[in-house]
Every structure is written in C-alpha cells, then in structure tokens.
Amino acid sequence: MINFGYPNCKLTILRAHGMKIGDKHYRSLWLGEGETPQIRYIDQAVLPFRFETGTMNTPKDALVAITEMKVRGAPLIGAVAAGGIFLAAYRSAGENHQEETVREWAGKLKQARPTAVNLRVMVNRMMDRFLDASSPEEPEERARKEFMNILEEETEACRLIGLNGLEILKDIHRKTGRTVNILTHCNAGWLACIDYGTATAPIYLAHERHIPVHVWVDETRPRNQGARLTAWELQQAGIPHTVITDNAGGYLMQKGRVDVVLVGSDRTTRNGDVANKIGTYLKALAARDNGIPFYVALPVSSIDREMGNGVRNIPVEERSGEEVRLVEGLDGEKRVRVRILPEEHLVANPGFDVTPARLVTALITERGVCMATEEGIASLFHDT
Ligand code: MRU
C-alpha cells in the first residue's frame with residue numbers, strides 16, 4: 001500500500017458511513033459539529049501526498065474551496081455551493097438585507113466553475129427553499145435542512161448508481177468468466193461525490209461482491225485527477241488498478257485489454273451529449289472503433305434539461321496555462337511544482353470536452369439505465 005505521509009492509512013467501504021481512512025469513516029463533505037455552522041471537507045488539492053481536512057465558515061470559504069479546487073467533481077461542487085448558500089443565510093440572519101446578501105452569493109457561487117450544471121441546480125434548489133415564504137421556519141433553518149437533504153440525496157443517488165451499474169459489470173463477468181477490465185478517466189469517485197462516486201460506485205460494489213475487477217486509470221493531465229485521486233481511492237480500497245498515460249487507452253482497447261469504459265459527467269444535455277474531463281471524447285471514439293461499451297454514470301442532478309445539443313452549447317472552462325506548463329509532485333517529503341515548458345510558450349487548456357450522444361452506450365443513473373437520447377432521458381423524469 002502506498003503511504004504518502006499519513007501512517008496506517010487504510011480506506012475501506014462501509015456503506016452507511018462513508019469510506020474508512022485509518023480508523024475513521026469519511027465522506028468528502030459533511031456538516032461540522034458545534035453551535036456555529038461549519039462545513040468540513042477533505043482537501044483534494046493536497047492528495048495523495050497529504051490527507052487533510054478543511055473547514056468552511058463563510059460563503060466566501062465555499063467559493064474559494066471550489067475555485068482553488070480543494071473540492072472538485074460535479075456533484076461535490078454542487079453540494080459545496082449549496083453549503084455556501086446555507087452559510088450565507090446563517091451569517092446574515094437577522095440583517096435587513098439578508099435576502100439581498102444571499103442572492104449575491106447565489107450569483108457568485110453559480111459562476112464559480114462554468115461547465116458542471118450541478119452548481120446552478122443546487123443553488124437554485126437552495127434559493128427556492130430559502131425564499132419559501134409559506135414556511136413558518138426561519139429562512140436560515142430552511143437552508144440548513146435543504147443542505148442536509150442534498151448531502152443525503154446525492155449520497156443515495158450514488159449508491160443507486162452503483163447498484164444499477166453493478167448489473168452491467170456482473171453481466172460482462174458472466175459472459176467472459178474472467179476479471180472485468182474497466183477503463184476510467186479523471187476522478188468520478190467518492191471524493192468527487194460525497195460518497196461512493198458515480199463511475200466508481202459500481203466498481204466498489206462489484207469488488208465487495210467478489211466480482212473480480214481491474215481498473216485502468218487514465219492519469220488525466222494536466223491536473224492528474226486520475227493518478228492523484230482515483231488511484232488513491234482504489235489503492236486504499238484494495239481494488240486492483242493500473243495507472244496509464246492518457247494516450248494509452250486506445251492501444252489497450254485494440255489489444256482486447258479493456259471490457260468497458262466507465263466515466264462520470266459534469267453536464268449531460270437533454271439529447272444525451274456528455275461533458276466530462278478533457279480527453280473523455282477520445283476514449284469514446286476509441287471505444288466505438290473497438291466495439292467496447294462506453295457508459296456514463298451520473299446523478300440526475302448533472303442533467304441539464306434546459307439545454308439541447310451539448311456539443312454546441314455546453315460552456316467549456318478554459319483553465320490557466322500554468323497547469324500545463326507545471327507539474328506537481330513530491331521531492332522527498334516536500335510538495336513541489338516543476339516547470340516542464342518555458343513560460344513564453346502559448347498554451348491552450350480546455351478543462352472539458354463533450355462526447356456526442358451517439359458514442360454513449362447508455363447512461364447509468366440512480367433512476368435506472370437509459371439510452372443517451374432525448375426519449376431515454378425524458379423517461380427518467382416521467383414521475384416528476
Ligand atoms: O475539473 P474537475 O476535477 O472538477 O473535473 C471533474 C470531472 O471531470 C469528473 O469526471 C466529474 O466531475 C465527473 S462527476 C463525478
């Protein structure tokens with residue numbers, strides 16, 4: 001087991017209480033104890049080199065945690081933005097301008113990162129509850145309850161995604177009679193989702209049920225969320241995995257060493273186009289060329305029903321060129337950044353790409369598995 005400076009760190013899954021790290025169970029986001037409201041989180045910016053938790057006391061803390069990517073992953077940043085609204089409501093309780101203050105924070109939190117729709121979905125949901133004048137409760141208390149509901153609902157959604165996706169992995173295992181080789185990109189794990197993960201949830205459940213799995217983990221340049229976060233999660237859970245460069249997937253598919261591709265999504269439009277971490281589209285193309293199923297696992301909170309044609313319309317975050325020019329790692333005990341490209345070079349760094357629906361085998365959601373089509377997605381919302 002790799003041990004990057006946090007001794008005896010062993011992570012296992014315990015369904016109701018999050019992942020076990022050392023002797024403690026963790027989710028990636030939780031409400032702090034104590035009278036003054038605080039939101040606690042696992043700091044993903046320092047993993048896997050250090051395991052640290054952080055505290056958000058104000059909406060600004062929530063905003064900074066999102067923009068500095070201490071918290072990341074679509075479902076998680078949606079939940080953190082919801083937490084930001086709760087903190088804004090509490091901090092401004094009793095003020096004449098409480099509503100105005102909270103509205104201002106809602107605007108800022110929604111814009112913190114442009115691609116994941118979860119920010120908008122969760123902030124709007126929080127604002128509806130906060131502004132619900134028909135309730136006898138104080139607005140900040142309503143905000144607290146809604147934030148807690150979001151934490152629990154997103155966790156439960158991932159658990160159900162796990163159960164729905166498990167059937168797919170079981171089926172592949174039944175047909176081949178050997179280890180199921182899954183390729184994943186970026187981190188759609190429990191760190192990105194409060195608990196279980198989206199793409200990882202079926203993998204964790206399969207492992208628990210003794211279905212042999214092995215995961216090819218794309219390192220996911222430039223920020224290396226695959227190598228730094230997904231590999232860390234899998235290692236701690238004892239799931240066999242191999243980290244590969246982002247360019248290796250197509251070759252492995254040609255050689256018959258990948259049975260299925262399983263990724264998450266930051267926004268899926270109503271026609272089934274899927275935005276996910278840059279490089280996902282190339283994996284979908286390679287999967288199609290090699291007849292390998294390409295599944296996307298996502299909670300319905302990542303579906304943008306207001307938007308059609310994601311390839312054309314989804315806003316893609318353009319990130320700093322320094323992420324490409326510099327690489328972070330350990331030098332002995334010290335976290336350092338080294339330059340791999342002189343500053344004068346122009347660099348483009350789109351954070352996401354959009355995989356057209358035609359390349360997606362199916363969407364795995366908490367409400368079931370559906371086709372990546374307008375009808376398939378509409379079928380998830382029949383009862384709502
Ligand atoms: O830029 P990030 O690290 O927030 O990007 C995250 C991803 O692309 C994930 O694959 C994603 O949020 C999937 S949902 C768990």
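Any value given below was found using the heavy atoms of this structure, including those in side chains, with hydrogens, waters and symmetry copies removed. Numbering of ligands and ligand atoms starts at 1, following listing order. All figures in this text were calculated on a predicted structure; none of them were measured in a lab.
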Ring pair (Phe, Tyr, Trp, His ring centres under 6.0 Å) contacts touching residues 315-370 (sequence neighbours left out): none
Below 4.0 angstrom from a heavy atom of Ala74, which ligand 1 atoms are there? Numbered from 1 as shown, please. 12 (O)
Strictly under 4.0 Å, does any heavy atom of Thr280 approach an atom of ligand 1? no
Pro75 contact mode with ligand 1 (heavy-atom cut-off under 4.0 Å): side chain
Under a single-linkage definition using a 4.5 Å side-chain heavy-atom cutoff for Ile, Leu, Val, Met, Phe, Trp and Tyr, are Val263 and Val354 assigned to the same hydrophobic cluster? no
Here the atoms of ligand 1 under 4.0 Å from any heavy atom belonging to Ser265 are 13 (C), 14 (S)
Under the criterion side chain to side chain donor-acceptor pair (under 3.5 Å), I'd like the reasoning laid out for Glu323 against Asn349: C-alpha separation, chi angles, the key distance, then a yes or no. CA-CA 8 Å; Glu323 289 186 348; Asn349 187 15; 3.0 Å; yes
Name all pairs fulfilling the ring pair (Phe, Tyr, Trp, His ring centres under 6.0 Å) condition that reach into residues 83-130, sequence neighbours left out, sorted by first residue then second. Phe86-Tyr90, Phe86-Phe147
Give me the residue, atom name and distance of the protein heavy atom closest to atom 8 (O) of ligand 1. Asp266 OD1, 3.0 Å
Do Asp289 and Met253 pass the side-chain contact (heavy atoms from CB on, under 4.5 Å) test, and can you show the C-alpha distance, the side-chain angles, and the key distance before you say yes or no? CA-CA 9 Å; Asp289 194 43; Met253 291 185 209; over 6 Å; no
Looking only at protein heavy atoms, identify the closest one to atom 3 (O) of ligand 1 and say how far it is in Å. Arg72 NE, 2.5 Å
heavy-atom search around atom 4 (O) of ligand 1 in the protein gives Arg113 NH1, 2.8 Å
Against heavy atoms of Cys193, which atoms of ligand 1 measure under 4.0 Å? 15 (C)
What do we get for Ile77 next to ligand 1 when only non-hydrogen atoms under 4.0 Å count, side chain, backbone, both or neither? neither
Hey, does Lys277 have a side-chain heavy atom less than 4.5 Å from the side chain of Arg223? no
When you measure from atom 5 (O) of ligand 1 to every protein heavy atom, which one gives the shortest distance, and what is it? Lys277 CE, 3.3 Å
Which bit of Met69 gets closer than 4.0 Å to ligand 1, counting heavy atoms only: side chain, backbone, both or neither? side chain
Find out whether the Lys NZ or Arg CZ of Arg305 is both under 6.0 angstrom from the six-membered ring centre of Phe381 and within 45° of the ring's axis. yes
Give a yes or no on whether the backbone of Pro350 and the side-chain of Arg319 come within a donor-acceptor separation of less than 3.5 Å. no
Please identify which atoms of ligand 1 are closer than 4.0 Å to at least one heavy atom of Gln225. 1 (O), 2 (P), 3 (O)
For Gly73, atoms of ligand 1 separated by under 4.0 Å from a heavy atom: 4 (O), 12 (O)
Basic-acidic side-chain contact under 4.0 Å: Glu137, Arg142: no
Residue part near ligand 1, for Ala188, under 4.0 Å between non-hydrogen atoms: both
Among all protein heavy atoms, pick out the one at the shortest distance from atom 10 (O) of ligand 1; state its residue, atom name and that distance to 0.1 Å. Asn276 OD1, 2.7 Å
With His207, which of Val215, Ile239, Leu234 fulfils side chain to side chain contact (heavy atoms under 4.5 Å, CB included)? Ile239
